[in-house]
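This report refers to the structure that appears directly beneath it.
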2 protein chains.
Amino acid sequence: MELRHLRSLVTLVDMGFSVSRAAVQLHVVQPAVSQHLRQLEDEIGARLFVRQGRRLIALTEAGERVLEYSRQVLAQTNSILAIGRDHTQQSRGELRIATTHTQARYVLPPVIRRFAEKYPAVSLQIHQGTPAQLVDAAVHDSVDFAICTEALGEHPLLRAIPCYRWNRCVIAPGGHPVLIKPRVTLKQLCAYPVITYVFGFTGRGHFSDTFVESGLRPDVVLSAADTDVIKTYVREGLGIGIIARLAYDAVLDADLGMRDLHHLFPWETTKIAYARGKYLRTFQQDFIDMFQDTIRQSDTRGGLQPCSEP
Amino acid sequence: MELRHLRSLVTLVDMGFSVSRAAVQLHVVQPAVSQHLRQLEDEIGARLFVRQGRRLIALTEAGERVLEYSRQVLAQTNSILAIGRDHTQQSRGELRIATTHTQARYVLPPVIRRFAEKYPAVSLQIHQGTPAQLVDAAVHDSVDFAICTEALGEHPLLRAIPCYRWNRCVIAPGGHPVLIKPRVTLKQLCAYPVITYVFGFTGRGHFSDTFVESGLRPDVVLSAADTDVIKTYVREGLGIGIIARLAYDAVLDADLGMRDLHHLFPWETTKIAYARGKYLRTFQQDFIDMFQDTIRQSDTRGGLQPCSEP
DNA sequence: AGAATTTACGCGGTCCGTAACCATG
DNA sequence: CATGGTTACGGACCGCGTAAATTCT
């Protein structure tokens, strides 16, 4: 068994069980990949693939197991090479971050600024996606870090580091009746049409749970993945917005009124996660440190609380 | 980078930095290994070895990192092959256990009997060693399981499963004054010369701590790694023995008196550990289950308590 | 001087690419 | 009949083994 066999297996699966596409991806011809897969099955001595005629359709249970280990092996060989790059070109390389819109837009900018200043030779990539996609990308090591609130932390193949806790606020056009009382109640929120995040995003789970427990039902007229979209519709007068407190900008959103809601909802914990066993280059480790440190310095202006290490 | 490079690196280290011995171990000629190491260094692009002239002396820091990942990669490729064997020859293979003398002699026999009955085609190996050696063997995957009380559980590369808790007893030749009172005190134990386990073995750490805390100092005239040796010297009249309660056999040791001491010392937890990420074949998983189950059935006869899963 | 490692070189295996062949929708 | 996968075969590459050169104990 050689690494190329494992590479062929993993690429085959990632390419949706198309041998030809895997071959293209691997820069070899198709019969080569066929041979790898065949040899791998021979050496392991068990069927790995469910076949339909000559076509490969899916993995057997054994195949799933082998795939899992193969991914780990390949990730670790990458880590080995990363060690080298780390020692020779300390501060040269790339940092691939996958996160949600809210993080990318409201939390990361000051961190990124500091990082880019300290490591000008590191090329930065910020990918966006749904929490489920972020998890996937981190597991497959197609990004270095996934930063979000949902779906991390339970995954057995990820190491998740809690970074800060945040809560929600309500926003509404200036003069809106919900803004009168300094301390808003759940009942008051239910009196108006609500615009908030799409399910699966940014703490929407706990958000809904809170209403269910209280026996109240909010009138969610619109859901969006993205705080800026929510704000836009709130400005249009479509309803009141319930967003992450940290996404309210006192200057840019001066036309909107805001009331903190941390007394109504549970705190959410945003984490930074990476593939377990991944070798972190010094600048990657440093990014995590800078992230936590920046949060710590920005104090509670945005209503977020730093998390100490677990 | 190919697996052979990693194998050469790992073997080199295991052979004490002798390229020639590594070559023998790998069934290739020496220049081949030299080439692997050279190529590995080239590809990683960092010095991995500390050299003294042409001789390799030690690993650099980068080398240590690479070694760590290489070990994991190789362990996982082994896991992949194990998956195959598991699916084709369900109950054929080998089970390598490393443990201390006390476990091998007093706890494992009934487990082994059940296991051998159910899996006659699995060849069993029982290795013995100091707790530190057991940990090493498990980490390097040169055994499948390490079973002992000390040193496991904290190691980051091992997964340790608590199996049962035990405590100590005192043994002495029949009629010895320490046997008169049903409830022995620490002070009484200090009145006689004591024979017990060597430091680093079988709960000796907590044993000593207990005396230190009480301000008493036992008169340990002899330490042995092995309960049978202790018993022998107790029979010789050299002193009283403090051993694991489970190592006292009511029939074979009828000439020795015994008093339980669980009111004096903290309970010790014996664990079964294996390399994290290792693929457990079905019969290996079954061994753990049978181990725990056998303990559960043997009830408290030997003064040991089963542990539920953490 | 001898043990151990590196360098030099040639052979053999094997890995991949080309091309022809087969199955499936 | 086109798309996608397997079988067959040849050439190029390279990994290993032999043997000579080198260096440190």
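Letters go in sequence order (proteins before strands), and every chain restarts at 1. The figures here come from the full heavy-atom set of this structure, side chains too, leaving out hydrogens, waters and symmetry mates. This one's a predicted model, so the numbers in the text were calculated from it and none came from an experiment.
Under a 4.0 Å N-O distance rule, the pair A:Arg21/A:Asp14 does not qualify as a salt bridge. A salt bridge links B:Arg51 with B:Glu41: the closest approach of a Lys/Arg side-chain nitrogen to an acidic carboxylate oxygen falls below 4.0 angstrom. Under 4.0 Å is where a charged nitrogen must lie from a carboxylate oxygen, and between B:Lys278 and B:Asp144 at least one such pair does.
B:Ser20 has no side-chain polar atom (N or O) that falls below the 4.0 Å cut-off from OP1 or OP2 of C:dA3. Contact check, B:His27 against D:dC16: no side-chain N or O comes under 4.0 Å of OP1 or OP2. The shortest distance between the side-chain N/O atoms of A:Ser34 and the OP1/OP2 oxygens of D:dT6 is below 4.0 Å.
Whole-Å rounding puts the A:Arg38 CZ to D:dG5 P distance at 14 Å. Between the C1' atom of C:dT5 and the CG atom of B:Leu56 lies a distance of 8 Å, rounded to the nearest Å. Atoms CZ (A:Arg55) and C1' (D:dG4) sit 5 Å apart, rounded to a whole Å. For B:Leu37 and C:dT7, the CG to P distance is 13 Å, given to the nearest whole Å. The nearest whole Å value for the distance from the CD atom in A:Gln30 to the P atom in D:dT7 is 11 Å. Atom P of nucleotide D:dT6 and atom CZ of A:Phe49 are separated by 10 Å, given to the nearest angstrom. When the P atom of C:dC15 is taken as reference, atom CG of A:Leu40 falls 13 Å away, rounded to whole Å. Taking atom CD1 of A:Ile57 as the reference point, atom C1' of C:dA23 lies 13 Å away to the nearest angstrom.
At a threshold of 4.5 Å between non-hydrogen side-chain atoms, the residues A:Phe287 and A:Ile97 count as touching.
Both B:Gln39 and B:Pro31 lie near DNA chain D, and the one whose nearest nucleotide falls closer to the 5' end is B:Gln39. Nearest-nucleotide positions on DNA chain C for A:Gln52 and B:Arg54 put B:Arg54 closer to the 5' end. DNA chain C is contacted by both B:Gln35 and A:Val29; B:Gln35 maps to the nucleotide lying nearer its 5′ end (nearest heavy atom per residue).
Shown here for B:Leu9 and B:Ser70, the closest heavy-atom pair between the two residues is CD2-OG, 3.7 Å. Contact detail for B:Val10 and B:Arg71: the closest heavy-atom pair is CG1-NH2, 3.9 Å.
Contacts between residues 2-13 of chain A and DNA chain C, counted as heavy-atom distances below 4.0 Å, involve A:Arg4.
For the pair B:His87 (side chain) and B:Gly84 (backbone), a donor-acceptor distance under 3.5 Å is absent.
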